[in-house]
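Labels below follow one simple rule: chain letters A, B, ... track the order of the sequence lines, proteins then strands, and each chain is numbered from 1. These values consider heavy atoms only, across backbone and side chains, with no hydrogens, waters or symmetry-generated copies.
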Protein chains: 2
Amino acid sequence: MENMINKLEMIDTSSLVDRVEMNLIELLVKKNLKVGNAIPTEIELAGALGVSRSVIREALVRLRMIGLIESKKHRGAIITNPDLLALLEKRMIPQVLDDGTLREIFELRLVLEIGMADLIMERVTPEQIAELKKIVANEPTHTESYQFQIQHEITFHGKLYEISGNETLKKFQKMLLPVFDYVHKSGLLKKDAVVRKFVSHKGLVDIIEHGSAEMLRNGMRSHLENHFARLFH
Amino acid sequence: MENMINKLEMIDTSSLVDRVEMNLIELLVKKNLKVGNAIPTEIELAGALGVSRSVIREALVRLRMIGLIESKKHRGAIITNPDLLALLEKRMIPQVLDDGTLREIFELRLVLEIGMADLIMERVTPEQIAELKKIVANEPTHTESYQFQIQHEITFHGKLYEISGNETLKKFQKMLLPVFDYVHKSGLLKKDAVVRKFVSHKGLVDIIEHGSAEMLRNGMRSHLENHFARLFH
DNA sequence: TTTTTGCTTTATGTAAGACATAATAAAGAT
DNA sequence: ATCTTTATTATGTCTTACATAAAGCAAAAA
């Protein structure tokens, strides 16, 4: 009895749209279509695959949602260079993420900022160093509003992402921003963490100008110490 | 003339589905629905919003694609906790990503692995160290097949992601795997890089067992030196 | 009583046809 | 040649209809 059941294979329970979706992705990949190329009209696809237009439409909506195509109203769709993260951004609604995930995303930021030291040191230009100096010159004092201090943090660290020269990384950061704001405001992290300053923004700039990647990694780790402390205890 | 144009407001060019989509997201967020709660049927939603079922369906497809809801066939949809990266995974089709993005994603891996040193050192357990030792004990020699060596790389580094205790991070790695494979096989990176071994897997395990986060960061950076060299020259 | 089988209900999956509308191209007017 | 009008076309939206899978329930079988 048991072994009889085990012999049975899962039967394909995918819907028509599921198969059409796969079919279309395959088509796009196989045909090696370039960015900007138009894809056939809904009616043509429906005819070619022998399904109704509603099925095609639904499959196309999916492709659009995963960023494979871009639809122009009343004009059809074209292949697009998937902006990997623009879409993720839509899903980044802190209110609907559970606490564990929010925490993990917060960790991810720390990981990224420490890990990108090599990219920064390799690619930073003198102009960018000047810009960084200008930013830290306007560093807010402790007496200024919380919101203003946060904004300054974002400006400084955002600049670092920019210097990394990795667009994907930068988009990632942009996407994570609302989460940080939310995590800070919510009670997710222990509020009563020590607010000691370790390596300051200015210290980081000094390292970028005169130091090494290794020094920057360690400096950044120290700079983020408060955050780590709040995560680990 | 100019100031006249500036006074004009962008007119709303969104489609009905666009608005219904926003409406539904708002509904879900506002009602503070919990994971697992069912949402009204398509017909009810169509009635309530005064639009046709097809519009509702299309909006629901979008919500499903961004992971806000999960549909059970013929039974309706329920709220779900969005798996941030499951969707991204679908878009990770190396063939449709342009070279620049592929390169950036490759960099991202290096950034992550260096940056996650602190998470590893904070959370690694004695059992996990034992597992790591087992993995490096089976290290393939240079004479074994390329594919086998790659597989071993994945096993080892995958374990590190696991030890980091950050599920989001781990999913991220899983998602990036096909890209690495592709990047290696394509001519995107200079093939003739020095294939010198710096810190070995075994060296990393030693650090994890007896060293510090700082040492692990530096060790990992050294371990990945070949990759960096190929990126930076 | 327990288990199996079949029925009914319900919501979604799929189809087909119709018309509205916006973007573009073609034709016509100046 | 430039501007305006008019087709043309593909998508956007609506409607209706029917097929089908899931779930619960009732009837039948053990």
Side-chain angles (χ1 to χ4, degrees), chain A residues 1-2 4-5 8-25 27-28 31 33 36-80, chain B residues 1 5 8-25 27-28 31 33 36-80:
Chain A
M1 201 49 134
E2 268 298 319
M4 199 168 160
I5 286 187
L8 293 176
E9 279 182 27
M10 280 287 202
I11 78 161
D12 179 33
T13 170
S14 61
S15 74
L16 191 50
V17 176
D18 292 333
R19 279 165 311 192
V20 167
E21 182 193 356
M22 287 192 300
N23 223 305
L24 289 180
I25 290 182
L27 181 86
L28 302 192
K31 288 262 177 178
L33 291 181
N37 284 153
I39 66 176
T41 71
E42 295 177 354
I43 295 182
E44 285 170 332
L45 288 173
L49 297 182
V51 299
S52 78
R53 208 183 126 208
S54 32
V55 170
I56 295 290
R57 267 186 80 77
E58 190 164 326
L60 288 180
V61 167
R62 296 192 188 175
L63 295 194
R64 196 166 69 230
M65 289 308 280
I66 66 178
L68 239 52
I69 66 173
E70 201 167 90
S71 308
K72 298 265 182 190
K73 271 189 190 172
H74 302 106
R75 285 317 290 170
I78 58 171
I79 309 283
T80 161
Chain B
M1 205 45 137
I5 286 189
L8 292 176
E9 279 182 26
M10 281 285 202
I11 77 158
D12 181 29
T13 169
S14 61
S15 74
L16 190 51
V17 176
D18 292 333
R19 275 160 338 208
V20 168
E21 182 192 358
M22 287 192 300
N23 224 307
L24 289 179
I25 290 183
L27 182 86
L28 302 192
K31 288 262 179 181
L33 291 182
N37 285 151
I39 66 176
T41 70
E42 295 178 354
I43 295 184
E44 285 170 331
L45 289 173
L49 297 183
V51 299
S52 77
R53 207 183 124 208
S54 35
V55 170
I56 295 290
R57 269 186 78 78
E58 191 163 325
L60 287 180
V61 167
R62 296 191 188 174
L63 295 195
R64 196 166 69 232
M65 289 309 280
I66 65 178
L68 240 50
I69 65 173
E70 201 167 89
S71 308
K72 297 267 180 189
K73 272 187 196 170
H74 306 284
R75 285 318 288 173
I78 58 172
I79 309 282
T80 99

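Using a 4.5 Å cut-off on side-chain heavy atoms (C-beta onward), B:L24 and B:L68 make no contact.
B:S54 comes within 4.0 angstrom of a base, heavy atoms only. Counting non-hydrogen atoms under 4.0 angstrom, B:S15 reaches the backbone sugars and phosphates but no base.
A donor-acceptor pair under 3.5 Å is formed between the side chain of B:D18 and the backbone N or O of B:S15.
Whole-Å rounding puts the A:H74 NE2 to C:dA25 P distance at 16 Å. One interatomic measurement links the two molecules: CG of B:L16 to P of C:dA22, which rounds to 13 Å at whole-angstrom precision. If you measure from atom CZ of A:R57 to atom P of C:dG13, you get 16 Å, rounded to the nearest angstrom. Rounded to whole Å, atom C1' of C:dT10 lies 12 Å from atom CD of B:E42.
Other residues, nucleotides and ligands contribute only 12 or fewer heavy atoms inside 6.0 Å of the NZ atom of A:K72.
Partners of A:R75 according to the salt bridge (Lys or Arg N to Asp or Glu O under 4.0 Å) rule, which considers only residues two or more places apart in sequence or in another chain, do not exist here.
For B:R75 and C:dT10, the shortest distance from a side-chain N or O to OP1 or OP2 is not below 4.0 Å.
DNA chain C is contacted by both A:K73 and A:D18; A:D18 maps to the nucleotide lying nearer its 5′ end (nearest heavy atom per residue). Of the residues near DNA chain C, A:K72 and A:R53, the one whose nearest nucleotide (by heavy atom distance) lies more toward the 5' end is A:R53.
For B:G67 against B:T80, the heavy-atom pair with the smallest separation is O-OG1, 3.1 Å. Considering every non-hydrogen atom in both B:V17 and B:A59, the closest pair reads CG1-N, 3.9 Å.
In the 5' to 3' direction, nucleotides of DNA chain D lying under 4.0 Å from heavy atoms of chain B begin and end at D:dT13 to D:dA23.
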